Asker: 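One structure, as structure tokens, below. Some questions next.
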Amino acid sequence: MGSGKCRYTVLAAALVAALLMPSEALCQGMSRREIAIPDVLGYKAVMCDFHMHTVFSDGRVWPDVRVGEAWRDGLHALAITDHVEYARHKDDIPKKLNRSHELAMGPARQAGLILVKGAEITRKMPPGHFNVIFTQDTDSLDTPEWRDAMAAAIRQGAFMFWNHPGRDEEVWKAEHTEIYEKGWLQGVEVVNGSRYYAHAHKWCLEKNLAMIGTSDVHGTIDMSYDRAAGEHRPVTIALAEDYTEEAVKDALVSRRTVIYWENELIGKPEHLRAIFDASSVEVLTEELALKPKGRAEMQVRNTSDVSYELELDGEADDIWARGKVTLPAHRTVRVRIGRRPDTAPGEKTIRLPYRVSNLKVAPEQGLQVELSIRVKLEES
Ligand SMILES: [Zn+2]
Ligand SMILES: [Zn+2]
């Protein structure tokens with residue numbers, strides 16, 4: 001119900017914006033969801049979506065609607081990436097390749113969002129579809145030869161990533177090796193909309209490509225995600241030095257990205273560990289006293305938007321713990337632990353080894369973490 005009303009308001013606001021007051025009316029009366037994923041390692045967690053379409057290719061919305069949606073979804077940066085070659089509505093809307101970005105610039109500035117210029121190079125060939133972002137002039141990408149289009153983008157300083165890269169590893173062809181070896185191919189969509197590409201995840205690890213997650217939205221965000229049910233679009237979290245276009249680009253080029261998709265984070269172990277540790281998960285119980293064979297509960301708080309799914313991965317000395325633990329988003333839970341029989345008394349710090357299945361460091365592989373707790377093993 002809530003989303004229906006919002007959708008109506010967005011459409012109504014977009015109509016007013018298009019006719020009367022571009023940009024101003026777009027987000028009036030709306031609230032923005034703030035994504036609770038902490039800043040880590042001295043970097044800002046900059047929320048980005050670099051793949052979306054408007055009526056200037058085969059999307060169904062005016063460019064400023066993309067800005068309004070991005071603001072509501074808690075993003076800091078977006079790129080409108082209309083197809084260079086495919087203008088589905090060209091009988092109604094003239095093919096103007098730079099126009100969607102131009103129209104979104106004012107609203108983005110007003111909303112305080114970083115609008116990165118971009119386009120989707122969409123050719124029939126083994127390579128497939130590629131997004132180029134941080135470009136200058138989309139007209140110059142409209143060339144007969146795909147290599148010329150990519151070369152033009154690269155000359156403009158583009159960061160290029162491969163979109164929705166097919167079913168399996170077989171889709172990687174000689175052309176991909178070519179553009180990879182030239183340094184043109186810098187990232188790949190591990191997530192596009194509702195799809196996760198395990199083979200693309202593997203390529204990122206093997207070839208040091210940036211992990212990218214995007215919505216590739218064509219309709220409205222509200223038509224694609226049920227906000228009321230807690231759904232959200234895929235987000236690329238750029239770990240950037242600041243909220244600027246330059247810093248975001250540096251984060252991508254330096255491969256500091258984490259994908260926030262459904263209830264998962266996908267990224268490098270060091271980044272995921274930092275997110276898990278930094279304010280996301282905290283053991284609140286200072287010390288637990290345990291008699292021989294005694295049981296107790298420790299309290300663990302999770303202040304992030306991700307509900308962590310933990311599975312025990314090994315054994316701790318002296319103490320047993322529950323095999324499966326869920327740490328729900330924005331909750332504190334009590335986790336049962338107990339003292340093993342025949343353990344010597346004393347005070348010590350116990351590290352409980354877990355694997356977090358939805359902090360993905362590789363396909364089918366969760367991040368290893370530890371929950372530390374101080375225990376006092378009493379005489380009797
Ligand atoms: Zn499209
Ligand atoms: Zn697309």
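In each ligand, atom 1 is the first atom listed, and ligand 1 is the first ligand listed. These figures come from a predicted structure and were not determined experimentally.
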Asker: Looking only at N, O or S atoms, find the one in D216 nearest to the Zn ion (ligand 2) and name it.
Answerer: OD1
Asker: Quick check for you: with the Zn ion (ligand 1) as the vertex, what angle do NE2 of H218 and NE2 of H83 span, to 10°?
Answerer: 150°
Asker: Could you tell me the angle subtended at the Zn ion (ligand 2) by OE1 of E120 and NE2 of H53, rounded to 10°?
Answerer: 90°
Asker: Measure up the W203 and W162 rings against each other and bin them: parallel (under 30°), tilted (30 to 60°), perpendicular (over 60°).
Answerer: parallel
Asker: Is the Zn ion (ligand 2) less than 2.8 Å from at least one N/O/S atom of H129?
Answerer: no
Asker: What N/O/S atom of D58 gets nearest to the Zn ion (ligand 1)?
Answerer: OD2
Asker: For N302 and S304, which I'm curious about, is there any donor-acceptor pair between the side chains at under 3.5 Å?
Answerer: yes
Asker: Within the distance-only criterion (no hydrogens, no angle test), does the side chain of T326 pair as donor or acceptor with the backbone N or O of P328 below 3.5 angstrom?
Answerer: no
Asker: Establish, yes or no, whether the cationic atom of K360 lies under 6.0 Å from the six-membered ring centre of Y196 and within 45° of the ring axis.
Answerer: yes
Asker: So is K96 actually on top of F56's ring, under 6.0 Å and inside 45° of the axis?
Answerer: no
